[in-house]
There are 2 protein chains.
Amino acid sequence: MVKRGIKSGPRMADRVYEDIRRAIVQGELKPGERITEEVLADRFGASRTPVRSAIVRLASDGFVDMTPHSGTAVKSRARHEIAEIYDVRAMLESFAARLAAERHEEHHLARLDGIQSELEELSAAARRGEREDAVDALSSLNLGFHQAILDAAGNPTLKDSANRLMDIGFLINTYASFDASEIDRSVSDHRKLLTAIRSRDGAWAEALMRAHILGARNSLIDHPPRH
Amino acid sequence: MVKRGIKSGPRMADRVYEDIRRAIVQGELKPGERITEEVLADRFGASRTPVRSAIVRLASDGFVDMTPHSGTAVKSRARHEIAEIYDVRAMLESFAARLAAERHEEHHLARLDGIQSELEELSAAARRGEREDAVDALSSLNLGFHQAILDAAGNPTLKDSANRLMDIGFLINTYASFDASEIDRSVSDHRKLLTAIRSRDGAWAEALMRAHILGARNSLIDHPPRH
DNA sequence: ACTTGACCCATTGGATACAATGAGCGAGAT
DNA sequence: ATCTCGCTCATTGTATCCAATGGGTCAAGT
């Protein structure tokens, strides 16, 4: 082989994993699309070995389906599967919200406040002018908010389980939150949630988070993204 | 290469994955123990390639820690991490119990009944004579019972998330349920749970399952297994 | 025309050779 | 004696070669 990609610092397999993952999440690789190891290897300037390693991990994470000698395809999910994922997320994250309310430290709150104010500003800006750039940023801030709550809950296993599901549903989320009213609802949900957590009201936080996620779930079912 | 293991049917990587997994779960490979690819390759009569593939999956599943150029080690978990895992399991499976109660079909109930009667017989037998053989069987039946409830809940994502955690905690479970009073408690919990599910009382089933798992969690914390 | 079977090829699965890296060890200096 | 620097070596990371498999195609028979 001639040359590896750009830099040789991190492991090639990791870079390939991240890249494929991102490609899937961003919709560059569509559900059902077949991916062959050789093509990916060429695309990333690597050999098949690290690509293989990456694919194995992606399969374990539920992003692709690997069938023995036939090939690998981006996993496609039926509507009801998406709904199921949201149901489980609702359980996990509402639990996290309760724990966060009950156990959070001051710095967790500070981080949540920071993210929330960015979220407020950005959504206000998005409602007016440059919405195009804002969607990605909002999506990422939204993710950050949920992460922060999971951190505040102080249960790494819980965070891990929830993240697995969040990652899988991320693509959907991105498109769904394109809707302006959805953005407003989400930001306002977060605001209430933050209040509940700040006042250490576990039950309230739990209920709000459940409603927040199930709300997203239902609006997603009513207005499915293009597929 | 000389010869591959015994049979050539399933993929070598899969067999290696299962074998290592089993070795870890059964305590043959102890937490913290380092495993090198070459040693495993020799042990299974395979080359490093499938072993590597298996290890990547095991790492993704949380059974081992893979550090870049330093090696792979069986993941060791602190006591509080085990407790965290049980907390999350309690959430997921109590949710599953509720869904199972509300939505189960007849055949789910039949399966549960079947497992439960086996469980009753075996625990009675264990209380008397041949306990040695019974422990593994009880453990496996117990697993089957929880699986059956997850199936009855009808949410594959939920089943998946719960399974991930159950697998990780399986080793602990095996040793913990060695205690006779634990076995009795567990069987009696199951009996009540089954009643709740049969009567389609979701809230009751949820509460029972939560108590069941948190009970196991607490007795595990009080009587930690050898490590 | 439809079914069936054999063959070919694309693609993955596994083995081995080679490169890179991080850890441990020992020699030398202070 | 201790600390540091560099070297060696065990082990992983990557590349490439060969084997195996399964699907698709094309042709022949009914």
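Naming: A, B, ... by sequence-line order, numbering from 1 per chain.
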Check your understanding: Hey, are B:Asp14 and B:Arg21 close enough for a salt bridge, meaning a charged N less than 4.0 Å from a carboxylate O?
Key -> no
Exercise for review: Could you tell me the separation between the CD atom of A:Glu38 and the C1' atom of D:dA15, rounded to a whole number of Å?
Suggested key: 13 Å
Practice item. Can you tell me which residue pairs pass the salt bridge (Lys or Arg N to Asp or Glu O under 4.0 Å) test with a partner in residues 138-148 of chain A, sequence neighbours excluded? Key: none
Show me, pair by pair, the donor-acceptor contacts under 3.5 angstrom made by side chains of residues 62-75 of chain A, not counting sequence neighbours?
residue, atom, partner, partner atom, Å
A:Thr67, OG1, A:Ser70, OG, 3.4
A:Thr67, OG1, A:Gly71, O, 3.1

Point to revise | All salt bridge (charged side-chain N to carboxylate O under 4.0 Å, His left out) counterparts of B:Arg34, not counting sequence neighbours | key: none
Exercise for review: Would you mind telling me which of C:dG14, D:dT11, D:dG13 lies closest to the side-chain atoms of B:Glu37?
Suggested key: D:dG13
Check your understanding: Does A:Arg43 have any salt bridge (charged side-chain N to carboxylate O under 4.0 Å, His left out) partners at least two apart in sequence or in another chain, and if so, which?
Key -> A:Glu28
Check your understanding: Can you tell me how far CG of B:Leu143 sits from CG of B:Leu138, rounded to the nearest 0.5 angstrom?
Key -> 12.5 Å
Practice item. Check the distance between C:dA17's P and B:Arg48's CZ and give it to me in whole angstrom. Key: 12 Å
Revision key, fill the gap. Residue set satisfying salt bridge (charged side-chain N to carboxylate O under 4.0 Å, His left out) with B:Glu206, at least two apart, ordered chain then number -> B:Arg98, B:Arg210
Check your understanding: Using a heavy-atom distance cut-off of less than 4.0 Å, which residues of residues 49-59 of chain B contact DNA chain C?
Key -> B:Thr49, B:Pro50
**Study point:** Separation of atom CG in A:Asp42 from atom P in D:dT16, rounded to whole Å
**Key:** 11 Å
Revision key, fill the gap. Taken to the nearest whole Å, CG/B:Leu40 to P/D:dT11 is 12 Å
Revision key, fill the gap. Taken in chain and number order and not counting sequence neighbours, the residues that satisfy salt bridge (charged side-chain N to carboxylate O under 4.0 Å, His left out) with A:Asp160 are A:Arg164
Check your understanding: For B:His212, which residues count as a ring-ring contact (aromatic ring centres under 6.0 Å, His included) partner, sequence neighbours excluded?
Key -> B:His146, B:His190
Study note, to complete from the structure: Rounded to whole Å, CE of A:Met12 lies from P of C:dA20 at a distance of 12 Å
Review point. Separation of B:Arg11 atom CZ from D:dG22 atom C1', in whole Å?
Key: 13 Å
Point to revise | Close residues, residues 61-72 of chain A, relative to DNA chain C [heavy-atom separation under 4.0 Å] | key: A:Pro68, A:His69, A:Gly71
Review point. Tell me: OH of A:Tyr17 to C1' of D:dT14, nearest whole Å?
Key: 20 Å
